[in-house]
Novice: 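What follows is a single structure, and I will ask about it in a moment.
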Amino acid sequence: MRENQLIVYRNLEEGGLFFGMARLMRVYGEEALPLEERVSLLYRCAGELLETTGQHGFYGNLWHCYLANLLVNNENIYSRACEMRGEAGGSINGAVLHDMAIFKEFFDYDFGPMMECLKASELIALFCYESCEEGSRVYNTRIRGRVCELAVKLGQAADPIEMKAALSDFYREYGVGKLGLHKAFRIVREDGGMEILPILNIAHVRLDDLVGYELPKQKLIQNTEAFVSGGKANNCLLFGDAGTGKSSCIKAIANAYYDRGLRLIEVYKHQFRELHEVIGRIKNRNYKFIIYMDDLSFEEFETEYKYLKAVIEGGLEKKPDNVLIYATSNRRHLIKETFADKEGRRDQLHAGDTVQEKLSLASRFGVTIFFGAPDQKQFQEIVRTLAERNGILMPKEELLLEANRWELSHGGLSGRTAQQFVDYLSGKERDSKL
C-alpha cells in the first residue's frame, strides 16, 4: 500500500485507522510476525471502525464510508478551491489524480484473504452493515446520508478520474469539512485554543412558519439575498418585543440559504474577544458567514460592546466581504441608558459624548428591523393559523376564547405565547387519545 506517497491528501484528520489498516494490509500474511499480534491488530482496527461508525451513524460498507469521510473532511488546496465552485483547474489536478489512484487501491482492497488467513470471517458484517438507527454524535441524518452515498459512488468508480469527479461534485454541492457540511456553529475555547464547532440539530424552521410580519421578513430576505448573491449588504439588527420571532427569522434564513453557501456562527457576549480570531479563520473560505448574536444588550458596567464596535467598523482591518453580523435585541439602542445620561451628570464635562458612545453601536447596523407585539386581532389570527397547521379541530369561538385566557396568564400577546398555547392543545389532544 502507498499511503506514505499521498501528496494533497497527506494530512488526514482522524487518519489513525487509515494508517493502521494500511499496515495490517501489508503484514497480515507475514509469518515472521506472531499470529497473535496480527490477529490483535485486525480486531483493534475493526473495533476502531465500529467506534467511528457509532459516532457518525454510517451504514453499508463501513470501510468505504470511513474513507469517504476522510476525503470530504480534508481541507486542502484542492478541496477548498472546489467548494461551492466545482472542479478546480490547474496543475494541482495531476497531484489529486495521483492521490485518487492511491485511495482507489484502498477502496478496491479485498479483505477476503485477510479474514480467511486470520480466521475472522465474522468481520464480513463490517462491509454490509445495517445501522441500529441511533443518533449520530457527529452528523445529522441528512449529512450522514450524503457521506454514505458518496462512499458508494467512490467504491463503484471505474478509475481515479471518475473518483476525482465524484469527489469534486460533492465539494461543489455540499462543501468541504465541518464548515461545508453543517449549517450552524458555536465557538468554544478548549485547552487554551478556540474551536468553531458544528451545531448538529438546528431547528428546521422556515420563514413561512412565522405568521404575519411580512414586511420585516421581506426586509431581512432582501438583505440576505444581496449578501449570498455577492452584492452589497448590511449588518442587521432585529429589535422589538419579546416572543415576536426575531430569533426564529434568523434560524429560518440559515435553513433557506444553506444550499447557496450561507453559514451561521452563534457568538455570545462573553466571547466577543474571540471575534477577530473567528473572522480570521473564515474570511478566505468560499462560504458566506453570518455571525449571529441573540438577545444582544449591555448594562452600563459591561464593556464587551467595544470589541463588537471595532469588528463592525472602526478597526484598521476591513471586515471581509463574506461576513455579516445579525443580532436580535429587545432594545433598540442595545446599551442601557439612564436619565443621568440625558440630563448630563455634574461630574462629566462632556455628557453628550457619553450618550453618543452608547448610541454608536446600534448605528453601526445598516439595517434595523422592528418586530412589534401583535394586537388582539393579530394574535387571534396567529393562533388560528397555527392551530390549523397542527390539525387541532376545535370550534373557532372556543379556540379564540381559550387563547385569550391563556395569554392573560402566560406572557401576554406574542407569537411565542400563541405557539405555546397551540403546543399545549396538541399535547392535551394527544393525551386524550392514549
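Values below: every heavy atom of this structure, side chains too, minus hydrogens, waters and symmetry copies. This chain uses plain numbering: 1 for the first residue, then up along the sequence.
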Novice: What closest approach, in Å, do L237 and S329 show between heavy atoms, and which atom pair accounts for it?
Specialist: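 Answer, listing the atom of L237 first, then S329: CD1-CB, 4.2 Å.
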Novice: Do R260 and T224 touch side chain to side chain, with heavy atoms closer than 4.5 Å?
Specialist: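 Sidechains of T224 and R260: no contact.
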Novice: Any donor and acceptor pair, going by atom type alone, linking the side chain of Q271 with main-chain N or O of I187 inside 3.5 Å?
Specialist: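 Yes, the answer is positive, given that a donor and an acceptor are paired below the 3.5 Å cut-off.
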Novice: What are the two closest heavy atoms between I369 and V367, and how far apart are they?
Specialist: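 Distance-wise, the nearest heavy atoms are CG1-CG1, 3.7 Å.
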Novice: Check whether the side chains of E14 and Y66 place a donor and an acceptor atom closer than 3.5 Å, and report yes or no.
Specialist: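 Judged by distance alone, the side chains do not pair up.
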Novice: Taking it one step at a time, do K251 and E266 satisfy salt bridge (charged side-chain N to carboxylate O under 4.0 Å, His left out)?
Specialist: CA-CA 11 Å; K251 294 172 187 175; E266 185 175 32; over 6 Å; no
Novice: Between the side chains of E388 and K396, is the shortest nitrogen-to-carboxylate-oxygen separation below 4.0 Å, so that they form an ion pair?
Specialist: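 Salt bridge flag = no for E388 with K396.
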Novice: How far does CZ of R186 sit from OH of Y268, to the nearest 0.5 angstrom?
Specialist: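 Output value for this atom pair is 5.5 Å.
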Novice: So Q420 and W406, side chain to side chain contact (heavy atoms under 4.5 Å, CB included) or not? Walk me through it.
Specialist: CA-CA 9 Å; Q420 290 170 345; W406 177 275; 4.3 Å; yes
Novice: Please report the shortest heavy-atom distance between F227 and A233, naming the atom on each side.
Specialist: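 Heavy atoms of F227 and A233 come nearest at CB-CB, 3.7 Å.
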Novice: With side chain to side chain contact (heavy atoms under 4.5 Å, CB included) as the test, would you mind laying out the steps for L42 and Y28 before giving the verdict?
Specialist: CA-CA 8 Å; L42 169 61; Y28 80 87; over 6 Å; no
Novice: Got a salt bridge between K217 and E214, using NZ or NE/NH1/NH2 to carboxylate O under 4.0 Å?
Specialist: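 Yes.
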Novice: To the closest 0.5 Å, what do you measure between CD1 (I250) and CD1 (I290)?
Specialist: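 Result: 7.5 Å between the selected atoms.
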Novice: If you count the non-hydrogen atoms of other residues, nucleotides and ligands that lie under 6.0 Å from CD1 in I77, is the total more than 12?
Specialist: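 Count not over threshold, so no.
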Novice: May I ask you to say whether K164 pairs ionically with E87, meaning some side-chain N is under 4.0 Å from a carboxylate O?
Specialist: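 Salt bridge between K164 and E87, a charged N being under 4.0 Å from a carboxylate O: yes.
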Novice: Does any N or O in the side chain of Q380 come within less than 3.5 Å of the main-chain N or O of L400, such that one atom is a donor and the other an acceptor?
Specialist: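 No, the answer is negative, given that no donor and acceptor are paired below the 3.5 Å cut-off.
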Novice: Salt bridge or not for E13 and K178, using N-O below 4.0 Å?
Specialist: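 Looking at E13 and K178, the cut-off is not met.
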Novice: Tell me whether the rings of F185 and H182 are parallel (<30°), tilted (30 to 60°) or perpendicular (>60°).
Specialist: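 F185 vs H182 ring planes: perpendicular.
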Novice: Closest heavy-atom contact between N234 and L324?
Specialist: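 Taking every non-hydrogen atom into account, O-CD1, 3.5 Å.
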Novice: Roughly how far apart are F18 CZ and W63 CH2, rounded to 0.5 Å?
Specialist: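 Reported value, rounded in 0.5 Å steps: 6.5 Å.
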Novice: Can you tell if the side chain of H204 reaches within under 4.5 Å of the side chain of N255, non-hydrogen atoms only?
Specialist: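 Of all side-chain heavy-atom pairs linking N255 with H204, at least one is under 4.5 Å.
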Novice: For the residue pair F370 and F239, categorise the inter-ring angle as parallel (less than 30°), tilted (30 to 60°) or perpendicular (more than 60°).
Specialist: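 The rings of F370 and F239 sit tilted, inter-plane angle from 30° to 60°.
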Novice: I'd like to check E75 versus R285 (side-chain heavy atoms, cut-off strictly below 4.5 Å). Are they in contact?
Specialist: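 With C-beta onward as the side chain, the pair touches.
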Novice: Is the backbone of T53 close enough, under 3.5 Å, to the side chain of Y59 for a donor and an acceptor to pair up by distance?
Specialist: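 Looks like no, no N/O pair under 3.5 Å.
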Novice: Tell me, yes or no, whether the heavy-atom count around D159 atom CG, taken from other residues, nucleotides or ligands under 6.0 Å, exceeds 12.
Specialist: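 More than 12 within 6.0 Å, yes.
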Novice: Surrounding CD of E122 (heavy atoms of other residues, nucleotides or ligands, distance under 6.0 Å), is the total greater than 12?
Specialist: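 Result for CD/E122: enclosed.
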Novice: May I ask you to test the V96-L167 pair for a side-chain heavy-atom distance under 4.5 Å?
Specialist: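 Counting from C-beta outward, V96 and L167 never come under 4.5 Å.
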Novice: How long is the straight-line distance from CD of E37 back to CG of L41, given to the nearest 0.5 Å?
Specialist: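 Interatomic distance, L41 CG to E37 CD, rounded to 0.5 Å: 8.0 Å.
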Novice: Under the 3.5 angstrom rule, does the side chain of N74 hit a backbone N or O of L70 as a donor-acceptor pair?
Specialist: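 No: the side chain of N74 does not pair with the backbone of L70.
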Novice: Is the side chain of R416 donor-acceptor paired with the backbone N or O of A242 at a distance under 3.5 Å, no angle test?
Specialist: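 Side chain of R416 to backbone of A242, a donor-acceptor pair under 3.5 Å: no, none is there.
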Novice: Might you point out which heavy atoms bring C65 and C148 nearest each other, and give the distance in Å?
Specialist: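 Reported closest heavy-atom pair: SG-SG, 3.8 Å.
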Novice: Would you say the side-chain atoms of N93 pair up with the backbone N or O of A88, donor to acceptor, closer than 3.5 Å?
Specialist: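 Looks like yes, one N/O pair under 3.5 Å.
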Novice: Do R38 side-chain atoms and L118 backbone N/O form a donor-acceptor pair below 3.5 Å?
Specialist: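 No: the side chain of R38 does not pair with the backbone of L118.
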Novice: Which pair of heavy atoms, one from L264 and one from A254, lies closest together, and at what distance?
Specialist: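 For L264 versus A254, the nearest heavy atoms are CD2-CB, 4.0 Å.
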Novice: Quick one: CG on N330 to OG1 on T244, what's the gap to the nearest 0.5 Å?
Specialist: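 That separation rounds to 7.5 Å.
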Novice: Specify whether H56 and F58 have parallel, tilted or perpendicular ring planes, treating 30° as the upper limit for parallel and 60° as the lower limit for perpendicular.
Specialist: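 Geometry flag for F58 against H56: parallel rings.
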Novice: Please determine, by modelled atom types, if Y78 and S168 share a side-chain donor-acceptor pair under 3.5 angstrom.
Specialist: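 Yes, side-chain donor-acceptor contact under 3.5 Å.
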Novice: A side-chain contact here means heavy atoms from C-beta on lying under 4.5 Å apart; do F371 and L238 qualify?
Specialist: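 Side-chain contact under 4.5 Å: yes.
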Novice: Do E3 and R26 have side chains that approach each other closer than 4.5 Å (heavy atoms only, starting at C-beta)?
Specialist: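 Answer yes - side chains close enough.
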Novice: At what distance, to the nearest 0.5 angstrom, does OG1 of T417 lie from CD of E407?
Specialist: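 T417 OG1 to E407 CD: 7.5 Å, rounded to 0.5 Å.
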Novice: Let me see the working for V278 and M194 under side chain to side chain contact (heavy atoms under 4.5 Å, CB included), right down to the final yes or no.
Specialist: CA-CA 8 Å; V278 170; M194 189 274 294; 3.7 Å; yes
Novice: Are R384 and E381 within salt-bridge range, i.e. N to O under 4.0 Å?
Specialist: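 Yes, charged N to carboxylate O under 4.0 Å.
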Novice: Does some side-chain heavy atom of F111 sit less than 4.5 Å from a side-chain heavy atom of L126?
Specialist: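 No; the side chains remain at least 4.5 Å from each other.
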Novice: Relative to the ring of Y9, is the ring of F103 parallel (under 30°), tilted (30 to 60°) or perpendicular (over 60°)?
Specialist: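 Rings of F103 and Y9: perpendicular, over 60°.
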Novice: Would you confirm whether N201, through its side chain, and N140, through its main-chain N or O, come within 3.5 Å as a donor-acceptor pair?
Specialist: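 Such a contact is absent between N201 side chain and N140 backbone.
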Novice: Is it the case that atom NZ in K153 sees more than 12 heavy atoms from other parts of the structure closer than 6.0 Å?
Specialist: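 Open.
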Novice: Should the pair R142 and Y258 be classed as cation-pi, given the thresholds of under 6.0 Å to the six-membered ring centre and 45° from the axis?
Specialist: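 Relative to the ring axis of Y258, which defines the angle, R142 lies inside both limits.
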Novice: Answer yes or no: is there a side-chain heavy-atom contact under 4.5 Å between Y174 and I143?
Specialist: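 When only atoms from C-beta onward are counted, I143 and Y174 do not touch, as no gap falls below 4.5 Å.
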Novice: S247 and D294: side-chain donor and acceptor closer than 3.5 Å?
Specialist: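 Per modelled atom types, S247 and D294 side chains form a pair under 3.5 Å.
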Novice: Please determine whether a side-chain nitrogen of the Lys or Arg among E277 and R281 lies less than 4.0 Å from a carboxylate oxygen of the Asp or Glu.
Specialist: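 Yes, charged N to carboxylate O under 4.0 Å.
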Novice: Can you check whether I282's main-chain N or O pairs, donor with acceptor, with N322's side chain at less than 3.5 Å?
Specialist: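 Side chain of N322 to backbone of I282, a donor-acceptor pair under 3.5 Å: yes, one is there.
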Novice: Between H64 and L154, is a side chain to side chain contact (heavy atoms under 4.5 Å, CB included) present by the stated rule, with each step listed?
Specialist: CA-CA 8 Å; H64 287 181; L154 295 176; over 6 Å; no
